[in-house]
Engineer: 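Shown below is the structure under consideration.
Proteins come first, then strands; the chains are lettered A, B, ... in the order of their sequence lines, and each starts at number 1.
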Amino acid sequence: MSTPDETPASYRYTSELAGDIERRWQDRWDAEGTFEAPNPTGDLAADDPEAGALGDKYFIMDMFPYPSGAGLHVGHPLGYIATDVVGRYRRMQGDNVLHALGYDAFGLPAEIHAVQTGEHPRTNTLANMDNMRRQLRRLGLAHDPRRSFATIDPDFVRWTQWIFIQIFESWYDEDQQRARPISELRDEYESGLRTAPDGAAWSELGPIERRILIDSRRLAYVDESPVNWCPGLGTVLANEEVTAEGRSERGNFPVFTRNLRQWKMRITAYSDRLIDDLERVDWPDSVKNMQRNWIGRSHGARVRFDVPTAGRSFDVFTTRPDTLFGATYAVLAPEHELVESLVAEAWPEGTPRAWTNGVETPAEAIASYRAAAAAKTDLERQGGVDGAGREKTGVFTGSYAVNPVNGEEVPVFIADYVLTGYGTGAIMAVPGGDQRDWEFAQAYGLPIVRTVEPPEGTEGAYPGEGPAINSAHTSADGSVLDINGLAVAEAKTAVVEWLQQHGAGEGTTTYRLRDWLFSRQRYWGEPFPIVYDESDQPIAVPDHMLPVELPDVPDYSPKTYEPDDVESNPEPPLARADEWVHVTLDLGDGPRQYRRETNTMPNWAGSSWYELRYTDPHNSERLADPENERYWLGPRTEGDTGGVDLYVGGVEHAVLHLLYARFWHKVLFDLGHVSSEEPFHRLVNQGYIQAYAYVDERGVHVPADEVEERDGAFLHGDRPVTREYGKMGKSLKNVVTPDDMYSAYGADTFRVYEMSMGPLEVSRPWETRAVVGSQRFLQRVWRLLVDEDSGDLRVDDAELDAATLHVLHTTIDGVRADMQHLRFNTAIAKLIELTNHLTKAGVSSRAAVEPLVLMLAPLAPHVAEELWSRLGHDASLIREPFPVADPAHLAAASVTCVIQVLGKVRGKIEVDPSIGDDELQALALAEPNVVRSIDGRELRKVIVKAPKLVSIVV
RNA sequence: GCCGAGUUGGCGGAAUGGUAGACGCGACGGUCUCAAAAACCGUUGUCCGAAAGGGCGUGCGGGUUCGAGUCCCGCACUCGGCACCA
């Protein structure tokens, strides 16, 4: 039992006191609308809008969270705290800061929960959002609460669907390199300015043919083509959602390539702009590289190979037209559309048995090879995760094609090492220059011709640089192509030129990127604003009928199948909602029967445009008023892309969300709906907070907080356990929540600790026992200002001594620089040094502690506000100017000069900062230990960098 | 295989080409206390030395420089992305 005289100081900065302070200030901020950012126009405009009164803007965004049922662990807020520190710092610079947080609330976990419980996914999602809001509010984030939203809000869905319609109602004009309204394409067809790809005139087409022609050009279109079908999930998936192992990113089910009729978005039209505009944004190189890689632009040539016996030709794509003389056979992907027309009636005389797979006729051999390829998962087809050493298989078509540069007849194979969908789905095979072709040639006894001189001792294919060899031919018409001796680059140019002149090919560019598969067979997503009429062609739902809301259904799951059931077909849950699917609508020509699209959008839809909605979250006329969009996102200088000033989030979205959002934003830019060309101007990837987990000898995880470290060993009770490093998660029993930190230390300590652990971009392990260091720091600051026993203010108005002035102003200078560059860890270190100096010097002067409190405010806002108010200020410090260093106090009274002899430090002397070179050299040479080190040797060179360094060479 | 990032004490991490290890955790010693906790003060890369001082030290091997964690060349390892992409 404690007695009164044992009671600890009642005004110590404990977790209880911190909690009281934090809750009090959070309530006050809410009540006063402290973080509301005024808009130029609309419902969030300032009450007394003077022209230009808003000041400079700064728009900060976090990658918004998915409201998971598990709630937050201490890793989640890292980025939110960092952006909050920046926002608070910018406010103290006088900026109008837009910072808010919404919720990315459609998605699979809620749907799975709904399937299991029968509860509508909205119910559970809203409950999860409430819990997250509570956890985040306690952090004291300076968000404008009026601008929060969730992607499932009917108002938000309305504009997601509206954007879909914009994309649906537009086409990509390759000449102008931009999207244009589809009506302008129709006009061009009608006026004869443009003809259909097959040359048919508009006037000759029937109404349905016209619609099909137009529909085929839309940026959002329905298409039957190979897609990733995942029977285990019952849905199709985008390429970006399939792992390298050919499985679904969610659930890890096998994925099969199937021809299915699905919605796609023509993101490939933007390939060049998506690559080129990366130069114009301030993003980490790693993310830029991942996007470049993913889009996969490669320059090369398209070469036409004629097949005289079939009266057909096919194009191949190659990045190495210089090796064309070494093309000794050609390969088509098994799915290539020309395969059937190239298959010979019978095997030519003398066909090697290996080429036929022992089958009687080419048709049968091809059919069985194609069937076998179709039944394989992508992984099986690739023969393993590692590309090396995959066994090459294929079968001869029975036909020969003509190599255009030398007239040689080369056999045409199909083989599954050639992929449909990349390039032209057909290759010229150059075994001398490509390892895969080499392996195939070895297996099938095909000739190998080297066309680049390999280094001595080369075995196998040589894909490198070198002079061209074996590469000359004189055609029947007497024209000569001779590239022997040329280096690769020149040889490429020469061959492409020759191909162009002879109508046999041309230089071209291909991309790895495929169009974005946009439909999902799920319930919990945005319905498509699309209906079909009796001709089965899609029609956009008119704007005034938006949003198209999800119907209530008894069963939220799509039909799922055995994970490896290749023959299964997608069946979305909405297809079973008969009354919703079949509707009577008046689309301008009287009430008619229509059928609704029953797929839903992928959960990337909402995050593809949410940056826009923050700027004008309640606008019911537009997705954002142009004036508001221009103010917050518009370009600020000539050539600037515009976009969010700072976007912080995990690197896991490098090629998913960030690519999709850029694509949508560019479409909206082309169509004139936004003034910015890129959504996010500056991107920072925060690291992950990781954690140790412990496994006992049975391989079972034990609670991490019960493990003790003794003599380098880890023990759970008396049982030894082994340590693993990785994620924080329930199953690993190593979760630490923000709530744990709030109650043990308070939100400010938690914030300071997370920011002090290391650079924002770096992943690091969580260590709860180190948090106390940040608490001690805040306690020392508190103690500088407040008497722990009486609670009285200890601050006086004494003048600062020179040493304190110097420390104070170098700290201000350094902290400002660190804040500018998001180096919060070193900013905190400097604030700790200042605090320790003041503590040691016994200084509690207002002239020192006021700047300290202001500098602390972005990092530990609650305790800073509390101290600021105790210092006698009535108003919040949120817009108080951040301290500015006085250059007069940046120079120290004395400087430590380092004296090196032969590059080694041999002495240190304290000198006046304004000391001259000659005087300093004399002092240095007189220093006893320096004299001893020189040991009478002759001075060959003395480098003096006054006042910090003298370097002596003997 | 290709592309990118990284490798510094027991741990997290600091260092415009100029004192390597700021700041914090931990550990050790001390003050206060009957005692403990908290708080506060001090020590803490390593080896030799009583000390003064000296040797070694930023993944490895070279180089540039009066001087290299930092710049250049080569290599190893770790992490991330892509990958039968022609």
Engineer: Measure the distance from CD on A/E761 to P on B/A5 and round it to the nearest whole Å.
Structural biologist: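 My rounded result for the distance is 14 Å.
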Engineer: Without hydrogens or angle criteria, can the side chains of A/S763 and A/Q690 be said to hold a donor-acceptor pair below 3.5 Å?
Structural biologist: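 Per modelled atom types, A/S763 and A/Q690 side chains form no pair under 3.5 Å.
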Engineer: Give a yes/no answer on whether the side chain of A/R292 brings an N or O atom under 4.0 Å of OP1 or OP2 in B/C82.
Structural biologist: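 No, A/R292 has no side-chain N/O under 4.0 Å of OP1/OP2 on B/C82.
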Engineer: Ignoring hydrogens and angles, does a donor from either the side chain of A/K948 or the base of B/G18 sit under 3.5 Å from an acceptor on the other?
Structural biologist: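 Looking at the base of B/G18, it does not pair with any donor or acceptor on the side chain of A/K948 (distance under 3.5 Å).
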Engineer: Which whole number of Å gives the distance between the P atom of B/G67 and that of B/A20?
Structural biologist: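 About 15 Å, rounded to a whole number of Å.
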Engineer: How far, in whole Å, is B/C73 from B/C23 if one measures between their C1' atoms?
Structural biologist: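 Between the two C1' atoms, the distance is 36 Å.
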Engineer: For a quick test of reading the model: is some side-chain N or O of A/K941 closer than 4.0 Å to OP1 or OP2 of B/C66?
Structural biologist: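 Result: yes.
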Engineer: Please state how far atom CZ in A/R297 lies from atom P in B/C2, giving the value in whole angstrom units.
Structural biologist: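 Interatomic distance, CZ of A/R297 to P of B/C2: 22 Å.
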Engineer: What does the B/S/- profile of nucleotides 23-32 of chain B look like, 5' to 3', with a 4.0 Å heavy-atom cutoff to protein?
Structural biologist: SSSS------
Engineer: Between A/S298 and A/Y422, which heavy-atom pair has the shortest distance, and what is it?
Structural biologist: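 In terms of heavy atoms, the two residues are closest at OG-OH, 2.9 Å.
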Engineer: Is a donor on one side and an acceptor on the other found under 3.5 Å between the side chain of A/T323 and the backbone of A/G326?
Structural biologist: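 No, the answer is negative, given that no donor and acceptor are paired below the 3.5 Å cut-off.
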Engineer: Which whole-number value in Å describes the distance from A/Q779 CD to B/A37 C1'?
Structural biologist: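 Rounded to whole Å, this separation is 13 Å.
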Engineer: Which nucleotide, B/G42, B/C85, B/C3, lies nearest any side-chain atom of A/N289?
Structural biologist: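 Closest nucleotide among those given: B/C3.
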Engineer: Compare the minimum distances between each of B/G12, B/G54, B/C85 and the side chain of A/Y422, then state the nucleotide with the smallest one.
Structural biologist: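 From the listed options, B/C85 comes nearest.
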Engineer: Which nucleotide in the set B/G55, B/A86, B/C66 lies at the smallest distance from any side-chain heavy atom of A/I943?
Structural biologist: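 The answer is B/C66, which lies nearest to the side chain.
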Engineer: Give me the distance, rounded to whole Å, that separates B/C66 from B/A52 when you measure between the P atoms they each carry.
Structural biologist: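 My reading of the P atoms in B/C66 and B/A52 gives 33 Å.
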Engineer: Can you measure A/N685 atom CG to B/G81 atom C1' for me and round it to whole angstrom units?
Structural biologist: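 In whole Å, B/G81 C1' and A/N685 CG are 12 Å from each other.
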Engineer: What's the closest nucleotide to the side chain of A/K945 if the choices are B/C84, B/G81, B/G18?
Structural biologist: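 Nearest to the side chain of A/K945 among the choices is B/G18.
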Engineer: Report the nucleotide, chosen from B/C84, B/G80, B/G18, that has the shortest atom-to-atom distance to any side-chain atom of A/Q900.
Structural biologist: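 Selected nucleotide (nearest to the side chain): B/G18.
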Engineer: Using the P atom as the point on both nucleotides, what is the distance between B/A38 and B/G26, in whole Å?
Structural biologist: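 B/G26 and B/A38 have their P atoms separated by 9 Å.
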Engineer: Should A/T510 be listed as having a side-chain N or O under 4.0 Å from OP1 or OP2 of B/A86?
Structural biologist: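 So the side-chain polar atoms of A/T510 never come under 4.0 Å of the phosphate oxygens OP1 or OP2 of B/A86.
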Engineer: Considering only atom C1', compute the distance from B/U64 to B/G80 and round it to an integer number of Å.
Structural biologist: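 Those two atoms are separated by 33 Å.
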Engineer: Taking only distance into account, with no hydrogens and no angle test, what donor-acceptor pairs under 3.5 Å do side-chain atoms of residues 752-760 of chain A form with protein atoms, sequence neighbours excluded?
Structural biologist:
unit_1: A/Y753; atom_1: OH; unit_2: A/E767; atom_2: O; d: 3.3
unit_1: A/E754; atom_1: OE1; unit_2: A/L78; atom_2: N; d: 3.4
unit_1: A/S756; atom_1: OG; unit_2: A/V752; atom_2: O; d: 3.2
unit_1: A/S756; atom_1: OG; unit_2: A/Y753; atom_2: O; d: 3.0

Engineer: I'd like the C1' distance from B/G13 over to B/G6, given in whole Å.
Structural biologist: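 One C1' to the other, the span is 14 Å.
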Engineer: Side chain of A/V418: nearest nucleotide among B/G13, B/G53, B/A86?
Structural biologist: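 Within the option list, the nearest is B/A86.
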Engineer: Determine which pairs satisfy salt bridge (charged side-chain N to carboxylate O under 4.0 Å, His left out) with at least one residue from residues 316-334 of chain A, sequence neighbours left out, and list them in order.
Structural biologist: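 Output for this query lists A/R320-A/D322.
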Engineer: Can you tell me how far P of B/U16 sits from CG of A/D818, to the nearest Å?
Structural biologist: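 Roughly 11 Å, once rounded to whole Å.
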Engineer: For A/Y417 and A/E391, which I'm curious about, is there any donor-acceptor pair between the side chains at under 3.5 Å?
Structural biologist: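 There is no such pair (donor and acceptor under 3.5 Å, judged by atom type) between the side chains of A/Y417 and A/E391.
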Engineer: Taking both distances under 3.5 Å as the test for a Watson-Crick or G-U pair, what stems of at least three pairs does RNA chain B have?
Structural biologist: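 The stems that RNA chain B takes part in, listed by first number, are B:1-7 with B:76-82, B:10-12 with B:23-25, B:26-31 with B:39-44, B:45-48 with B:53-56, B:59-63 with B:71-75.
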Engineer: Give the rounded distance in Å between these two atoms: CE of A/M290 and C1' of B/G80.
Structural biologist: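 These atoms are roughly 6 Å apart.
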Engineer: Have A/D315 and A/T424 got a donor and an acceptor in their side chains that come within less than 3.5 Å?
Structural biologist: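 No donor-acceptor contact under 3.5 Å links the two side chains.
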Engineer: After noting the C-alpha distance and the side-chain angles of A/Y329 and A/Y444, does the key distance pass the ring-ring contact (aromatic ring centres under 6.0 Å, His included) rule?
Structural biologist: CA-CA 11 Å; A/Y329 65 104; A/Y444 290 85; 8.5 Å; no
Engineer: Residues in side-chain hydrogen bond (donor to acceptor under 3.5 Å, both in side chains) with A/R823, at least two apart?
Structural biologist: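 Scan of A/R823 (side-chain hydrogen bond (donor to acceptor under 3.5 Å, both in side chains), adjacent residues dropped) gives A/D818.
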Engineer: Please measure how far the P atom in B/A15 lies from the corresponding atom in B/U70, and state the result in whole Å.
Structural biologist: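 Result for the P pair: 15 Å, nearest Å.
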Engineer: Can you list the residues that meet the ring-ring contact (aromatic ring centres under 6.0 Å, His included) rule with A/H653, with sequence neighbours excluded?
Structural biologist: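 Testing A/H653 for ring-ring contact (aromatic ring centres under 6.0 Å, His included), a comparison that skips the adjacent residues, returns A/H657.
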Engineer: Indicate, with a heavy-atom threshold strictly under 4.0 Å, whether A/P759 touches base, sugar-phosphate, or nothing.
Structural biologist: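 Sugar-phosphate, no base atom in range.
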Engineer: C1' atom, B/G21 versus B/C32: distance in rounded Å?
Structural biologist: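 So the two C1' atoms sit 32 Å from each other.
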Engineer: In terms of ring plane angle, is the pair A/F440 and A/F413 parallel, tilted or perpendicular, where the classes change at 30° and 60°?
Structural biologist: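 The rings of A/F440 and A/F413 stand perpendicular, inter-plane angle above 60°.
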Engineer: Without decimals, in angstroms, what is the distance between A/R932 CZ and B/G54 P?
Structural biologist: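 So the two atoms are 7 Å apart, to the nearest Å.
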Engineer: What is the distance, rounded to the nearest whole Å, between atom CG of A/D434 and atom C1' of B/C2?
Structural biologist: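 Spelled out: CG on A/D434 to C1' on B/C2 is 14 Å.
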Engineer: Of all the nucleotides listed (B/A14, B/G13, B/C85), which has the minimum atom distance to the side chain of A/T826?
Structural biologist: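 Among the listed nucleotides, the one closest to the side chain of A/T826 is B/A14.
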